[in-house]
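Okay, so here's the structure we're looking at.
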Amino acid sequence: MLDFVSTRSHLEAVAFFSHRTVSHKLISLRLNRMRQHYPWLSGGLDYFTGRLTQAPEDAELHLRWVVKHAPNAPGAKTLRMAALRAKCDILWAQLDALYLLMLIQAGRPRRLSSPQKES
């Protein structure tokens, strides 16, 4: 993520974090489920609890910046969408890695299938 935001334009860097417009809702849901299923984690959730108020503020700041600095710049929409897509790709890769680790720890590693080569 640091590489992405340090090598791209300000617009792309800000757009990279535009998922925060909805992240507070997801964080709230996750926190509730974590407290329900992992009560022993409660002390370690302070950072995420703080994000419930900080994420919407961050999202508003990002949106205001984009509207002010690049509302109709040529190609701006394409850049914003590409940045958000890159962020989602990173988040999915993290989820995939955690899921695979979970399977391995459960003693059920599954081989990831690859496309069959045609003979």
Side-chain angles (χ1 to χ4, degrees):
M1 287 186 243
L2 183 57
D3 180 62
F4 185 93
V5 299
S6 66
T7 59
R8 305 296 176 102
S9 69
H10 285 104
L11 173 62
E12 291 169 288
V14 171
F16 189 76
F17 293 101
S18 62
H19 69 286
R20 292 182 176 176
T21 57
V22 295
S23 67
H24 66 285
K25 295 174 187 173
L26 297 173
I27 291 170
S28 179
L29 176 63
R30 289 180 193 141
L31 283 173
N32 290 337
R33 296 297 187 263
M34 290 178 83
R35 286 185 185 107
Q36 177 184 356
H37 296 289
Y38 309 101
W40 50 270
L41 276 179
S42 62
L45 301 176
D46 294 342
Y47 167 80
F48 298 102
T49 302
R51 295 301 302 153
L52 291 174
T53 55
Q54 188 63 44
E57 292 172 14
D58 291 348
E60 181 62 30
L61 177 67
H62 294 156
L63 182 60
R64 280 196 319 265
W65 190 92
V66 169
V67 168
K68 180 179 179 182
H69 295 285
N72 296 311
K77 183 177 180 180
T78 301
L79 289 176
R80 291 192 306 263
M81 294 302 296
L84 184 55
R85 192 173 301 113
K87 178 62 179 247
C88 289
D89 288 345
I90 290 170
L91 294 174
W92 276 114
Q94 290 174 339
L95 286 174
D96 289 345
L98 289 170
Y99 179 67
L100 183 58
L101 177 64
M102 181 189 73
L103 290 175
I104 291 169
Q105 288 178 342
R108 298 187 322 238
R110 296 188 181 170
R111 185 174 180 189
L112 300 176
S113 61
S114 59
Q116 298 294 324
K117 291 184 180 181
E118 294 182 25
S119 304

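Keep in mind it's a predicted model, so treat the numbers as computed, not measured. What's counted below: heavy atoms across the whole structure, side chains too, no hydrogens, waters or symmetry copies. Numbering starts at 1 and runs along the sequence shown.
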Spacing of Leu79 atom CG and Leu84 atom CG [to the nearest 0.5 Å]:
12.5 Å

From CG (Leu98) to CG (Leu103), nearest 0.5 Å:
11.0 Å

So, taking the atom named CZ in Phe48 and the one named CD in Gln54, what distance separates them when rounded to the nearest 0.5 Å?
14.5 Å

Is there a side-chain contact between Leu95 and Tyr99, using heavy atoms and a 4.5 Å cut-off?
no

In this structure, CZ of Arg64 is separated from CG of Leu61 (nearest 0.5 Å) by 5.5 Å

Once you round to the nearest 0.5 Å, how far does NE2 of His37 lie from CG of Asn32?
10.5 Å

Is the shortest heavy-atom distance from the side chain of Thr49 to the side chain of Ile27 under 4.5 Å?
no

Mind checking the CG-CE spacing from Leu29 to Met34? Nearest 0.5 Å is all I need.
11.5 Å

Linking I/L/V/M/F/W/Y whenever any side-chain heavy atoms sit under 4.5 Å apart, do Leu41 and Leu52 land together?
yes

Does any part of the side chain of Arg51, heavy atoms only, come nearer than 4.5 Å to the side chain of Asp58, both counted from C-beta?
yes

